[in-house]
Structure formats: structure tokens, C-alpha cells
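Start at 1 with the first residue, then count along the sequence.
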Amino acid sequence: MAPLSEEEENYVRLALLLKGVAPRAIRTYFDRTFPPTYLPSTLNTNYNTLDNLKFRRVLNQAQWNLLFPTNGVPDSTSFDVTDVLM
């Protein structure tokens with residue numbers, strides 16, 4: 001197998017960063033900013049803003065269901081942070 005070029009090596013490093021480290025870092029930052037204990041009340045406080053985003057189709061139904069699950073409480077571990085990275 002031929003060694004990777006510098007460009008290929010940089011690509012692999014960036015891909016590993018985006019798929020491995022960055023999601024954990026974003027989730028840690030999110031949980032620090034919006035502590036899981038207070039996340040439901042924070043979402044309820046901002047319900048009208050979030051509902052407007054849903055109405056304007058910025059948020060889709062699947063995303064809405066993660067923010068306001070029918071049973072249970074929202075949990076950042078179920079949030080897909082890959083859109084944040086792109």
C-alpha cells in the first residue's frame with residue numbers, strides 16, 4: 001500500500017476530527033450552556049420561537065420530536081450534531 005500524500009493525510013485528520021472529536025465537544029458545550037436538568041424548561045420558555053422555526057420549516061418534524069418527545073424528556077445524546085459541523 002502506498003503512503004498517503006500530505007493532502008490525503010490532512011483529509012483523514014480532518015474527517016477524524018469532524019466525526020470523532022467535534023460531536024463530543026459540541027455536546028459538552030451544549031450541555032454546559034443548557035444543563036440537562038433545565039433543558040425542558042428552557043425549551044418550554046422558548047416554545048413560541050421554536051414553533052415559529054417549525055412553521056417556517058427550519059425545524060422538521062423529526063427534530064421537533066427530539067425537542068418535545070411525547071414521553072420522556074429531551075436528551076442531547078439523541079441530537080444529531082452533524083448539521084452543526086457542516
Q: Give, for atom CZ of F30 and atom CZ of R32, the distance between the pair rounded to the nearest 0.5 Å.
A: 13.0 Å
Q: Ignoring hydrogens and geometry, is there a side-chain-to-backbone donor-acceptor pair from N52 to N48 under 3.5 Å?
A: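 No; judged by distance alone, with no hydrogens or angles, the pair does not exist.
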Q: Which atoms form the tightest heavy-atom contact between D75 and T77, and what is the distance?
A: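 Scanning both residues completely, I find the closest heavy atoms to be OD2-OG1, 2.6 Å.
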Q: Output a table of donor-acceptor pairs, distance under 3.5 Å, between side-chain atoms of residues 10-17 and any protein atom two or more places apart or on a different chain; print 'none' if there are none.
A:
from: N10; atom 1: ND2; to: E6; atom 2: O; distance (Å): 3.4
from: R13; atom 1: NE; to: E9; atom 2: OE2; distance (Å): 3.4
from: R13; atom 1: NH2; to: E9; atom 2: OE2; distance (Å): 2.7

Q: Taking the side chain as every heavy atom from C-beta outward, state whether L53 and W64 have any pair of such atoms under 4.5 Å apart.
A: no
Q: Treat each ILVMFWY residue as a node, draw an edge where side-chain heavy atoms are under 4.5 Å apart, and state whether I26 and L39 are in one component.
A: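 Looking at the clustering, L39 is in a separate group from I26.
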Q: Grab the two heavy atoms, one from P36 and one from P40, that are nearest each other, plus how far apart they are.
A: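 Heavy atoms of P36 and P40 come nearest at O-CD, 3.6 Å.
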Q: Which residues pass the side-chain contact (heavy atoms from CB on, under 4.5 Å) test with S5, sequence neighbours left out?
A: E7, E8
Q: Would you call Q63 and L67 a side-chain contact if the rule is heavy atoms closer than 4.5 Å?
A: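 Side chain of Q63 against side chain of L67, heavy atoms only: no contact under 4.5 Å found.
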Q: Please enumerate all residues that pass ring pair (Phe, Tyr, Trp, His ring centres under 6.0 Å) together with Y29, with sequence neighbours excluded.
A: none
Q: So, for K19 and P23, which heavy atoms are closest and what is the spacing to 0.1 Å?
A: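 In this case the closest contact between K19 and P23 is O-CG, 3.7 Å.
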Q: Taking a hydrophobic cluster as the set of Ile, Leu, Val, Met, Phe, Trp and Tyr residues connected by side-chain heavy atoms closer than 4.5 Å, whether directly or through intermediates, do L43 and Y38 fall within one such cluster?
A: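 Each belongs to a different hydrophobic cluster.
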Q: Taking F79 as the starting point, is it possible to reach V73 by hopping between hydrophobic residues whose side chains are less than 4.5 Å apart?
A: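 V73 does not cluster with F79.
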